[in-house]
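Step one of this worksheet: look at the structure below.
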Amino acid sequence: MATIPVRNVGTIAGNLMIKHDHNEFISDIFLVLATIGATITITDTNGDHQTVSPRDFLTVDMDKKVITLITMPWIAPDRYRLKFYKVSDRAQNATIYMNAGFLLEIDQGSGFVISSTIVYGGVNPSFVRAKSVEKCINGKDLFHNKTIQSVVNEISSKFVFDDSLPNTSAEFRRILAKGLFYRVVLSLAPRSIISPKYQSGSSPIYRPLSSGKQTYQSTPALYPLTQPITKVEALVQCSGEAEYVNDIYVHDGLWATFVLSNDPLKTIASIDASEALAVKGVKAFFSAKDIPGVNSFTSQKNPAFPSYLEPEEVFCSGKVLFHGQPVGMIVAEKMSQAVYAADLVKIHYDSKVKDEGSIASLYRYFRGDPVDKDKVLPTLDDVLREDRKLTEHRFQTPIVIKVATQQGIGQADHNIKGHIFCGPQYHYHMETQQAIAIPTEDGIDLYPSSQWMDFVNTGAAQVLGVSNNTLNIRVRRLGGAFGAKISRCSQISAAAALACYHLHRPIRMVLPMTTNMRAIGKRTPAYSEYDVDFTNLGVVVRLHCDVTHDSGCNTNDAMDLYSSLFHTNCYSTQSWTVVYHYVITDAPSNTWMRSPGSTEVIANAETVMEHIGWVLKKDPIEVRLANIDSTNPIRKIFTDFLVSCEYYKRLDAVNQYNSVNRWKKRGVAISLMQMPLDFGGVFETLVSIYHGDGSIAISLGGIEMGQGLHTKCIQIAASVLGVPIGLVKIKTPNNVVSANSYISSGSMSTDTLGITVRACCEKLNERLAPLKLQNPQWSWEEIVQAAFLANIELVATHQFSPDQIAPYIVYGVSCAEIEIDVLTGDFQLRRVDIVEDVGQSISPRVDVGQVEGAFIMGMGYWLHEKLVYNRITGELLTDRSWNYKPPGAKDIPVDFRVTLLQTISSASGILGSKACSEPAVSMAVVVVSALRKALESARKDAGAPDIFITLNASTTKEDILILAGTPNEQFAL
């Protein structure tokens with residue numbers, strides 16, 4: 001029950017009180033007590049006692065009362081059988097889909113039930129005991145198929161499941177309730193009367209101890225390059241000493257938080273903050289009218305990509321574009337005061353519809369977009385479900401990115417049409433969007449949690465109406481970013497700077513997770529439709545694909561051009577035509593997220609290969625090989641991987657397992673990834689050598705966010721200068737040394753900043769070379785001191801530009817083996833193998849961690865993380881850690897094997913290395929390819945229609961259980 005930290009601070013009575021106050025809460029403790037017939041004693045302030053059953057406890061008025069005693073009866077183990085089950089989104093620390101308790105008194109000489117208590121949680125808030133099920137089995141033989149079927153039919157027809165979002169569907173929980181009862185029967189029945197094929201259903205999937213294997217090479221002769229060292233910040237991060245934005249000490253500071261609108265498509269008439277301002281500790285409320293400059297945190301003075309042509313308001317001034325859009329900010333002495341007061345701000349709306357109130361609305365008006373008078377459509381799925389005539393204005397002009405150069409007209413033997421939907425994903429950084437602004441004599445010191453200092457600089461200065469050099473920006477590190485802090489952080493930074501500007505006091509703005517999830521955009525969703533002609537060998541002779549991206553409320557972070565780099569993956573493309581569309585939805589502007597664009601379109605290409613294999617009844621491996629050019633390096637990587645991951649041996653074992661097991665199924669699959677990497681923008685770096693001891697300080701134009709940038713740059717500097725790693729430190733990046741520097745994103749920061757560090761160090765070496773030549777016996781410290789005395793410059797700078805590195809390609813192959821529980825939808829990744837081409841790795845341990853982390857993020861996207869919206873209001877309902885769950889420690893693959901393919905090629909990045917922080921996300925689609933194989937076996941046994949199963953992101957346990965298609969009559973012995 002719960003996790004160790006929760007159990008250490010929580011209490012049994014506390015858990016029961018949550019159930020008391022929120023009957024919909026699915027409590028394991030309540031379930032246990034209700035199942036075994038425990039009693040709860042309550043004591044009031046007069047010392048009077050009241051003893052009630054757990055069911056009656058839910059209706060007791062607990063005002064001025066406490067739980068003082070819980071009494072549990074003795075249960076004779078020779079007479080009773082006690083079973084408990086629960087199913088949740090992930091293995092630990094997760095809310096429960098459903099739990100169930102079974103206390104059965106069974107005659108020892110037979111399977112006849114003398115008495116029973118059956119409790120379900122998750123049916124509906126008022127449901128406790130399944131008395132109708134108890135009636136079905138009392139006095140009956142539990143191990144007779146007629147009894148089992150009577151219970152299954154009772155649950156199917158009589159149980160009333162609530163169906164309210166964001167809960168799972170009633171259909172899912174109905175099937176689950178039947179499956180859990182059936183599991184009890186299988187676990188208690190003698191093995192001799194159960195069909196051997198059905199016996200695997202008697203228990204949940206067992207998880208053994210996790211294991212991992214990391215394979216890489218290093219070359220001692222090149223150390224510290226290729227040396228597998230621990231990340232330089234690892235110890236201070238683990239000890240809590242690493243400084244993040246919210247750790248920065250601020251004297252006499254105030255806290256700020258956004259005020260959000262909950263009424264999309266309405267136009268603001270006025271805002272009344274009087275009640276909020278009356279709250280103790282509240283100092284100010286600011287809205288659009290308080291902005292001295294331009295009410296837009298995006299500047300049109302940025303590079304060609306990304307362009308940010310549309311203005312985006314810091315505070316909505318007219319038409320509200322989405323549920324959760326900031327309309328202002330509260331500033332208070334404490335964060336709790338600010339958050340409380342923010343909910344007290346009253347927003348009044350015009351009764352007449354307007355579309356001319358805000359800068360963003362004016363931009364769309366003059367662009368020619370029709371006035372949007374339709375209902376709230378927060379997701380791409382909502383838009384696509386509507387009549388296209390009513391939503392035509394939401395669709396932007398399509399862009400044909402890839403046009404087929406040849407098509408095998410008349411050569412095709414088969415045709416398929418299909419689709420795949422890749423939904424949104426929350427970035428789930430441990431550090432939410434935040435910034436600190438401190439007034440200084442020359443302007444404002446700004447500490448944003450940002451991947452792009454220059455964007456924050458231009459945006460905040462524009463909002464304040466001040467020059468760019470008024471803002472002194474520093475970013476030590478980020479507590480996770482994943483793309484959300486490229487452009488979105490500028491809004492928070494501008495708001496914090498605005499409050500600082502007006503109040504002349506330090507401002508700390510840290511978004512609560514709920515605000516972060518509601519107000520900030522997610523991974524850009526994509527819906528892909530494909531129409532493919534192919535031969536009996538699986539060779540594609542014509543492919544047409546339409547990819548529709550959900551931009552959210554504007555198109556600033558448009559994904560089409562970026563996605564076009566990856567849409568054909570590693571396959572021959574002469575016959576492919578790809579058209580990109582994007583639509584406007586009533587949601588925050590969707591944005592970049594780790595492996596943006598590539599994750600969705602590579603998944604589409606891999607799904608096409610799987611679909612062709614399904615039609616031809618061929619292993620998709622053959623189809624992939626048939627569509628890869630003979631000269632593509634991935635062919636050899638792929639064929640070697642088939643051997644190293646033991647694919648065919650495991651495939652035979654999976655097929656054998658599935659043939660003898662009805663209620664557990666396995667699947668194994670392989671996916672390929674070819675990711676071109678290109679570069680843009682400029683990055684400025686400064687390297688200083690101190691004459692006192694020869695130590696070296698580096699100020700980078702890029703941001704450390706966990707990807708190991710600092711570690712690799714230290715290794716590069718130490719290698720080029722020929723000094724120990726311990727002599728080199730990375731200093732906090734700032735917008736003075738690194739003015740105008742570009743985004744740290746797209747896995748390119750090691751290449752771009754590595755080049756600048758190497759260039760700076762080479763310049764320094766060149767200056768020191770005469771002294772080294774004249775005095776070969778001198779130590780590094782002596783050389784540096786002599787250079788200082790000779791007035792030789794010991795500071796070097798270098799600016800990276802895209803012409804200093806050629807684009808290159810990262811290749812990867814992944815194999816996943818999954819097991820599913822057909823009775824509950826539960827699953828377990830038994831084994832995952834990854835080979836990723838990283839060139840000559842500068843820091844192999846860092847790279848392994850990046851590959852593993854990227855894959856797990858992708859795995860969460862495909863199998864766990866689901867964002868649920870209220871389709872009427874546009875409200876995000878899964879807006880906190882309570883109901884949005886990325887994978888946990890016991891959801892990772894049981895056996896996780898990562899190999900860094902370290903090839904040396906001219907087509908690579910800094911010092912022969914390649915980027916590795918993002919590509920593995922795109923390989924995680926393999927988990928649903930393996931899942932599809934397991935489901936195909938389950939559906940075959942169920943007698944369900946033989947179809948190609950479309951698996952979207954995300955495909956959760958709910959989807960798995962429903963897609964398994966188990967008919968009621970198969971719940972039998």
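Just so it is clear, the structure is predicted and the values come from calculations on it, not from any experiment.
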Rounded to the nearest 0.5 Å, what separation is found between the [atom1] atom of [X] and the [atom2] atom of [Y]?
X      : Y      : atom1 : atom2 : result
Trp255 : Gln337 : CH2   : CD    : 11.5 Å
Ser27  : His22  : OG    : NE2   : 12.5 Å
Tyr349 : Ile271 : OH    : CD1   : 8.0 Å

Do other residues, nucleotides or ligands put more than 12 heavy atoms under 6.0 Å from the [atom1] atom of [X]?
X      : atom1 : value
Tyr244 : OH    : yes
Lys334 : NZ    : no
Met62  : CE    : yes

Glu431-Ser449 side chain donor-acceptor pair, cut-off 3.5 Å: yes
If you measure from the Lys or Arg side-chain nitrogens to the Asp or Glu carboxylate oxygens, is any gap between [X] and [Y] under 4.0 Å?
X      : Y      : answer
Lys346 : Glu275 : yes
Lys266 : Asp350 : no
Asp162 : Arg173 : yes
Asp879 : Arg518 : yes

State whether Tyr426 and Lys522 meet the cation-pi test: NZ (Lys) or CZ (Arg) under 6.0 Å from the six-membered ring centroid, and within 45° of the perpendicular axis. no
Do any N or O atoms from the side chain of Asn23 and from the backbone of His20 form a donor-acceptor pair under 3.5 angstrom? yes
